[in-house]
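Throughout, a chain's letter reflects where its sequence line sits, starting with A, and its residues are numbered from 1.
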2 protein chains.
Amino acid sequence: MPYATPVKPTAGPLGEPIRGAATLADIARAAGVSASTVSKVLNAKGDVAAATRERVEAVLREYGYRRRGPRTAPLLDLVFHELQSAWSLEVIRGAEKVAQEEGLSLVLSQSEGRSTPGQSWLDGVLARRPTGVLLVLSKLEAAQCRQLTTRGIPFAVIDPDGELDVDVPTVGATNWQGGLTATRHLIQLGHRRIGVVAGPSRMLCSRARLDGYRAALETAGLRFDPKLVVAGEFHHDEGHRLGKELLRSEDRPTAVVAGNDLQALGVYEAARELGLRIPQDLSVVGFDDLPVARWVGPPLTTIRQPLAEMAAAALHMVIGLARGDERTRAATRIELATELVVRASTAPPSKA
Amino acid sequence: MPYATPVKPTAGPLGEPIRGAATLADIARAAGVSASTVSKVLNAKGDVAAATRERVEAVLREYGYRRRGPRTAPLLDLVFHELQSAWSLEVIRGAEKVAQEEGLSLVLSQSEGRSTPGQSWLDGVLARRPTGVLLVLSKLEAAQCRQLTTRGIPFAVIDPDGELDVDVPTVGATNWQGGLTATRHLIQLGHRRIGVVAGPSRMLCSRARLDGYRAALETAGLRFDPKLVVAGEFHHDEGHRLGKELLRSEDRPTAVVAGNDLQALGVYEAARELGLRIPQDLSVVGFDDLPVARWVGPPLTTIRQPLAEMAAAALHMVIGLARGDERTRAATRIELATELVVRASTAPPSKA
DNA sequence: CTGAAAGCGCTTACAG
DNA sequence: CTGAAAGCGCTTACAG
């Protein structure tokens, strides 16, 4: 063997070109093609035979090729489905902290309502070559996953929106447990008719929370009444609209479990409009524990979801994958615990 | 002249190496030194005589030198003093929209409580060579300004924290006018004892708002009473603490102008604890018009500050400067209008 | 569709 | 402290 075998990068500070890591010339040699051809594959330029392209891509993947070039500060892409409410801010904050510790800079983008970021976003990612990608409430198509993998860019998803391939690393919270705990809290206070303003059913987290609610009712021997369940987007206005629907009905619930804190505030408003006092006439439980939950009147009882910690865990996962850390590769599904925070929006139902 | 004169970049898509823009070799020629020496100046490596360094830096500035290298997707740095509350999110959102339109990616960082970002941040910026830098409630030291200017990285400041050099581009809101409008609204409702929970006095925007309050009192022929003025950080807890101070006093005000919406929510809580109803017993006006202002009970009357638009304006300013646009260079101080949004937290004082 | 060759823009080890 | 020379990693125009 006339050449030193280039190594697969497995450690070393992020962003620094790794000593001994494969160069374009190494890849060319390993794939049995010229440097020109590898360059064309990498830049999606010029004609390359499909078979050649695949062989080169396989070698790129195998060696974990990353362009050297003048060292640019290492980046990490954070992609939101939607930059919405303090929810996003908590995630940003958690990610920013870890990024700073690890010497990474956060690049922020949003997929603008679409659950999958578009090709222009992916082109941008490939051009800026981040250390990794973190998706929040978004998902990637199979082809997009493959492109990232080919370039050696690892990724993880926070709170996946819909189903995902088994091998996509994810971080979430114990949503089912949270729905269960919220409902049990109300049952223990003596509530029997408990309504739900749920999040959109396309989202896994909403479905899990709703199932937790059902489980709590069932184990308490209470009947599940579909008339007490309404669902909509995770916004204040939806909470308001749906809450009003629920509270105007004949046999209105004495308590409501909301899909998140924003919906809970919408329920607050619906209750105000209908002259119902919280918690005397209506108990409300939220989900998330955003800062605003402490600030409203009355302060909101809610299920705390450790958003900053979830972002931090996901970032550590991506960084571990970028380093080729074996222990990270083994544990790419994480659920962090939720927790009931009792404040002043829940109380026993009035005897009326 | 044996060489074509390299041009100063003045137009063309951001991020693309500009046709005809100066290369390192051009700079060396213009400065009468070798390429090696220019490289050393740029990378702060090796010994370079102070005089040589200055000459080279002058030429770098003059030509607006930007490293070519493999084209990386163009970046824009967004630096927060503190990633706090929905306030930051509005700014991020406004910036993100413009960035997307202009094909820029946002890099997010925070200076962690210090009003000036540290050297490690600056090193990062120099390494990733963004198209520009946007500072939010932060400022740069003179030396940091010079380093950015030398590398041809323009910057602007949103809502500057403290005084700034005259030639630093800034975007703000009409804070004085806002304070005036908020106070006049209360005066017109019949209030005579109007308290203020002001923001920190080190911040220009707080001082301007407070001065607007004084001006409104004076033009209405009302006496300014320093006992009715308290000041603290722009947080809920400070609003709560200071509001309580103000409302527990002997001759309590019938209305409070808060420094921002978060402080106003703190005043809400103080009022609840003291058994004062809003707006019957106490009127409250906020500042910012964050989404939460619509969600609380009662919905908050506030001065709307167009945060997203401010961010957008600042971004356009930076982009204009990066392009060398003359019209941008002429107008680097912008104040966007604030606006009174009347909701349900203000009413005439009770006759008691 | 592929690759040898030239070249680009920058960096670096080293001689002076 | 400075620069000529070699070199790095990649891209590109072009011949086959």
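- Note: CD (B:Glu54) to P (D:dC1) measures 13 Å, nearest angstrom.
- Checking D:dG3, D:dC1, C:dT2 against every side-chain atom of B:Thr37, the shortest atom distance belongs to D:dG3.
- Side chains of B:Glu96 and A:Gln110: a donor-acceptor N/O pair is present below 3.5 angstrom, by distance only.
- With distances taken from any side-chain atom of A:Ser34 to the nucleotides C:dG9, C:dG3, D:dG3, the minimum falls on C:dG3.
- Between A:Asp47 atom CG and D:dA13 atom P there is a gap of 15 Å when expressed in whole angstrom units.
- Nearest to the side chain of A:Leu24, among D:dT11, C:dG3, D:dC1, sits D:dT11.
- The NZ atom of B:Lys40 sits 11 Å away from the P atom of D:dA4 (whole-angstrom rounding).
- Screening A:Leu137, A:Ile92, A:Ile158 for a side chain to side chain contact (heavy atoms under 4.5 Å, CB included) with A:Phe80, the sole residue that qualifies is A:Ile92.
- If you measure from atom CD1 of A:Ile27 to atom P of D:dG9, you get 13 Å, rounded to the nearest angstrom.
- Within 4.0 Å (heavy atoms only), B:Val33 reaches sugar-phosphate atoms of the nucleic acid but no base atom.
- Checked by distance alone, B:Ser36 brings a side-chain donor or acceptor within 3.5 Å of a matching partner on the base of C:dT12.
- With a cut-off of 3.5 Å on both pairing distances, the Watson-Crick or G-U wobble partner of C:dA15 is D:dT2.
- Phosphate contact (OP1/OP2 of C:dC8, side-chain N/O of B:Thr23, threshold under 4.0 Å): absent.
- For B:Ser39, the listed nucleotide lying nearest its side chain is C:dT11; candidates were C:dG3, D:dT2, C:dT11.
- Under the 4.0 Å criterion applied to side-chain N and carboxylate O atoms, A:Lys97 and A:Glu309 are not assigned as salt-bridge partners.
- Between B:Val56 and B:Arg53, every side-chain heavy-atom pair lies at or beyond the 4.5 Å cut-off.
- Distances shorter than 4.0 Å separate some side-chain N or O of B:Thr52 from OP1 or OP2 on D:dT2.
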